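Quick caveat, the model's predicted, so the values are computed rather than measured. Throughout, protein chains are lettered first and strands after them, A, B, ... in sequence-line order, and every chain is numbered starting at 1. Note: hydrogens, waters and symmetry copies are ignored here, and every other heavy atom, side chains too, is used.
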Amino acid sequence: MRWSKSFIPTLRDDPADAEAVSHRLLVRAGFVRQLMSGVYSLLPLGHRVCQKITNIVREEMDGIGGQEFKLPALHPADVWQKSGRWETMGDEMFRFTDRRGSDVGLGMTHEEVFATLASELRSYKQLPQIWYQIQTKFRDEPRPKSGVLRVREFTMKDSYSLDYQSDGLDFAFGQHFEVYRRIFSRCGLETLAVEASSGAMGGSESIEFMVKSSAGEDWIASCTTCGHAGNLEKITSNLAPVEDGPGQDAPEKFATPGMHTIEDIAGFDAGAPAERQIKTLVYVLDGETALVLLRGDHGLVEQKLADGTGVQDMRPANDDEIEAALSAKAGSLGAVALSNPKLRVLADAALEGRRDMVTGANENDFHLRGVDVARDIKVDQWLDLREVQAGEPCPLCETPLEVDQTIEVGHIFKLGTRYSEALGASVLDENGKARPIIMGSYGIGIERAMASVVEGNHDDNGIVWPVGIAPYEVVVTVLNPKDVATSEAGAALYEALRGDGIDVILDDRDERPGVKFKDAELVGIPYRATVGPKGLEKGIVEFVARRGGEPREITLPKAAGSIVEYVLESRGR
RNA sequence: CGGGCCGUAGCGCAGCUUGGUAGCGCGCUUGACUGGGGGUCAAGAGGUCGCGAGUUCGAAUCUCGCCGGCCCGACCA
């Protein structure tokens with residue numbers, strides 16, 4: 001390709017509304033353009049990168065026997081009603097009514113459709129299967145953000161494993177785990193595999209593949225010693241034991257005028273440090289008010305609350321609901337001696353067995369001290385609800401955990417039989433007995449992977465693509481295209497590289513050298529061969545890596561050969 | 001869904017307070033010079049000022065409504 005004929009609209013200024021590095025650079029370097037909130041066009045460069053990622057994914061999926069499909073994006077309400085997700089997906093699903101009045105949804109994932117196809121499977125002899133597709137997904141995100149990282153329309157590789165025994169699922173899950181590691185490493189992404197909450201997908205086990213980035217929306221904790229890692233929505237930690245005093249025979253009420261936060265009580269002489277306090281939160285869980293108790297210095301992870309209780313719909317109670325439930329305002333709430341015995345009390349495990357604690361008295365501006373959790377609070381359900389903090393000991397090996405901000409680029413789930421049972425996909429086993437197909441589901445966001453690579457591979461001058469997914473591997477920069485000898489030497493080198501299968505672009509534009517160097521660096525092409533009159537006088541071309549390092553001078557006759565060799569060798573890395 | 005901010009040329013912005021000829025930088029076009037890090041000079045093209053009402057002799061500017069976008073939070077495989 002010749003740069004002069006390409007649509008590569010680079011911008012000299014940063015777009016005003018781009019915050020994330022990947023957003024800024026992908027727009028500025030001419031890879032993507034926004035069409036509307038959360039919807040982006042991939043320009044030729046962006047499409048090339050996504051194609052390369054896609055090809056890697058395809059190669060690796062085919063390598064474990066995956067079969068590629070192309071499923072519809074238009075889904076009848078029917079199949080989603082069967083799985084129950086027509087309701088549970090709520091506003092996140094794009095929906096419309098067709099001219100005949102039928103409800104239609106835009107596919108946000110394809111468990112239902114694949115399970116429908118899987119209902120044609122009849123015998124265990126046809127299993128296992130791995131089915132996949134690379135297709136557009138639609139999700140009406142409440143808040144698209146960070147360019148192409150969180151969008152409403154995007155490309156996803158989704159695969160589904162079909163088995164009739166749970167060890168078959170385990171095997172397919174393991175295959176995907178390995179293949180995902182290879183895919184991400186070939187894309188130049190350093191990923192951490194972490195245990196995750198399965199959320200709305202259901203299923204027993206799930207692992208997310210995370211890339212560290214300040215543009216990420218997920219926080220994970222990981223152990224550098226034993227490798228144990230998890231999403232903060234899921235992971236727990238060991239806690240240093242707290243030595244409680246003997247406490248008091250009964251809770252004692254004391255005045256705390258104007259003190260409504262954990263910090264207020266902690267800073268009060270007659271109060272107690274945060275780890276000696278009980279934090280009382282009021283939530284509405286599937287329409288029922290409930291109390292959620294945590295240690296004063298601990299934060300609630302709502303996902304853990306959802307996972308632990310199985311509720312669908314959850315929100316913090318509003319002021320009126322709090323007052324109605326406890327006859328006091330937030331800031332003075334507690335779970336001791338509740339007047340309404342039906343109020344459900346959920347408590348974090350870190351409170352178990354604690355004595356001599358301080359909590360609200362359910363009377364404005366009063367607290368209780370000397371609270372013994374076992375004696376004074378009737379807990380309906382103990383759960384792990386607290387958010388792990390950096391430095392807390394790893395639950396497996398006691399090493400202090402690290403906490404990092406990350407982007408989720410892949411997620412693999414053991415789904416089980418939820419969808420196959422709902423959609424009637426079963427096979428006969430060796431004994432002629434019908435068994436629901438056991439499914440796994442495995443996703444990779446393609447554009448998100450591209451953006452994640454940019455997040456981790458850039459400098460002040462622009463993007464620095466890994467060779468494996470760069471839009472072009474080499475740019476041949478012709479410094480003065482009006483000089484015939486230079487122009488011809490550049491074109492000859494370009495043709496030679498092209499002939500040897502190198503992905504090369506010839507920058508033949510009549511621009512100043514600085515413009516071309518800047519653009520090449522902004523776009524992030526891994527290697528640049530510079531052909532200019534000065535070099536030609538000496539019979540050389542200059543070859544530099546975008547990543548840095550010394551420029552090398554190669555004599556003209558050897559130029560194509562050594563560049564090819566160099567690029568081929570670097571593809572493997 | 002709550003909070004904050006913003007829509008003026010392809011991009012980045014000024015003008016709005018105090019109503020009166022729509023501006024600047026970059027980019028773009030043509031020409032000349034120039035040619036190893038976003039060069040110089042000259043001449044140009046390009047705007048329903050997000051949309052719709054209203055006030056007014058007159059609205060980018062004031063008022064109301066709507067639409068769109070960004071950021072924080074909530075939410076989210």
Within the modelled atom types, does a donor on one side and an acceptor on the other bring the side chain of [X] and the base of [N] under 3.5 Å apart?
{"X": "A:Arg512", "N": "B:G38", "answer": "no"}
{"X": "A:Asp519", "N": "B:G37", "answer": "no"}
{"X": "A:Glu542", "N": "B:G36", "answer": "yes"}
{"X": "A:Glu511", "N": "B:G38", "answer": "no"}

Tell me, please, whether [Y] has [X] positioned over its six-membered ring: NZ or CZ under 6.0 Å from the ring centre and within 45 degrees of its axis?
{"X": "A:Lys414", "Y": "A:Phe173", "value": "yes"}
{"X": "A:Arg95", "Y": "A:Trp86", "value": "yes"}
{"X": "A:Arg315", "Y": "A:Tyr283", "value": "no"}

With both distances under 3.5 angstrom, what nucleotide forms a Watson-Crick or G-U wobble pair with [N]?
{"N": "B:C26", "result": "B:G10"}
{"N": "B:A60", "result": "none"}
{"N": "B:G46", "result": "none"}
{"N": "B:G31", "result": "B:C41"}
{"N": "B:C5", "result": "B:G69"}

Answer with base, sugar-phosphate or nothing: what part of the nucleic acid does [X] contact at a heavy-atom distance below 4.0 Å?
{"X": "A:Thr486", "answer": "nothing"}
{"X": "A:Asp483", "answer": "nothing"}
{"X": "A:Arg143", "answer": "base"}
{"X": "A:Pro15", "answer": "sugar-phosphate"}
{"X": "A:Lys516", "answer": "nothing"}
{"X": "A:Asp218", "answer": "nothing"}
{"X": "A:Arg152", "answer": "nothing"}
{"X": "A:Asp17", "answer": "sugar-phosphate"}
{"X": "A:Gly532", "answer": "base"}
{"X": "A:Met36", "answer": "sugar-phosphate"}
{"X": "A:Glu408", "answer": "sugar-phosphate"}
{"X": "A:Met314", "answer": "nothing"}

**Study point:** Neighbours of RNA chain B within residues 67-79 of chain A, by heavy-atom distance under 4.0 Å
**Key:** none

Interatomic distance at [atom1], [N] relative to [M], whole Å:
{"N": "B:G37", "M": "B:A42", "atom1": "P", "result": "24 Å"}
{"N": "B:G38", "M": "B:C28", "atom1": "P", "result": "15 Å"}
{"N": "B:G20", "M": "B:G15", "atom1": "C1'", "result": "14 Å"}
{"N": "B:U63", "M": "B:C6", "atom1": "P", "result": "14 Å"}
{"N": "B:C16", "M": "B:G69", "atom1": "P", "result": "28 Å"}
{"N": "B:U55", "M": "B:C71", "atom1": "C1'", "result": "34 Å"}
{"N": "B:U29", "M": "B:G10", "atom1": "P", "result": "15 Å"}
{"N": "B:U30", "M": "B:A45", "atom1": "P", "result": "15 Å"}

Check your understanding: From the list B:G35, B:G37, B:G69, which nucleotide is the closest neighbour of the side chain of A:Asn480?
Key -> B:G35

Point to revise | Minimum-distance nucleotide to A:Pro513 side chain [options: B:G39, B:G36, B:G35] | key: B:G36

Taking atom types as modelled, is there a side-chain donor on [X] or [Y] under 3.5 Å from an acceptor on the other?
{"X": "A:Thr486", "Y": "A:Asn480", "answer": "no"}
{"X": "A:Glu68", "Y": "A:Gln133", "answer": "no"}
{"X": "A:Ser22", "Y": "A:Arg24", "answer": "no"}

Answer yes or no: does a side-chain N or O of [X] lie under 4.0 Å from OP1 or OP2 of [N]?
{"X": "A:Ser37", "N": "B:C70", "answer": "yes"}
{"X": "A:Gln34", "N": "B:G68", "answer": "no"}
{"X": "A:Lys534", "N": "B:G36", "answer": "yes"}

Check your understanding: Between A:Trp131 and A:Phe69, how do the two ring planes meet: parallel, tilted or perpendicular, split at 30° and 60°?
Key -> tilted

Review point. Relative to each other, are the rings of A:Phe209 and A:Tyr180 parallel, tilted or perpendicular (30° and 60° limits)?
Key: tilted

Check your understanding: Given the rule in the ring-ring contact (aromatic ring centres under 6.0 Å, His included) test, do A:Tyr566 and A:Tyr527 qualify, once you have shown the distances and angles that lead to the verdict?
Key -> CA-CA 10 Å; A:Tyr566 199 79; A:Tyr527 299 106; 5.4 Å; yes

Provide, to the nearest angstrom, the distance between the [atom1] atom belonging to [X] and the [atom2] atom belonging to [N].
{"X": "A:Ile8", "N": "B:G10", "atom1": "CD1", "atom2": "P", "answer": "22 Å"}
{"X": "A:Arg28", "N": "B:C26", "atom1": "CZ", "atom2": "P", "answer": "16 Å"}
{"X": "A:Leu300", "N": "B:A74", "atom1": "CG", "atom2": "P", "answer": "12 Å"}
{"X": "A:Asp510", "N": "B:C28", "atom1": "CG", "atom2": "C1'", "answer": "15 Å"}
{"X": "A:Leu536", "N": "B:G36", "atom1": "CG", "atom2": "P", "answer": "13 Å"}
{"X": "A:Glu19", "N": "B:C6", "atom1": "CD", "atom2": "C1'", "answer": "14 Å"}
{"X": "A:Gln405", "N": "B:C72", "atom1": "CD", "atom2": "P", "answer": "10 Å"}
{"X": "A:His23", "N": "B:C11", "atom1": "NE2", "atom2": "P", "answer": "13 Å"}

Point to revise | Closest-nucleotide ordering on RNA chain B, the 5'-leading residue of A:Val515 and A:Lys482 | key: A:Lys482

Revision key, fill the gap. Contacts of A:Lys518 and A:Leu11 projected onto RNA chain B by closest heavy atom; the upstream (5') one is A:Leu11

**Study point:** Point-to-point distance, once rounded to the nearest 0.5 Å, from NE2 of A:His23 to CG of A:Leu149
**Key:** 9.5 Å

**Study point:** A:Glu190 atom CD: more than 12 heavy-atom contacts under 6.0 Å
**Key:** no

Exercise for review: Mark yes when over 12 heavy atoms from residues, nucleotides or ligands other than A:Phe171 sit less than 6.0 Å from its CZ; otherwise mark no.
Suggested key: no

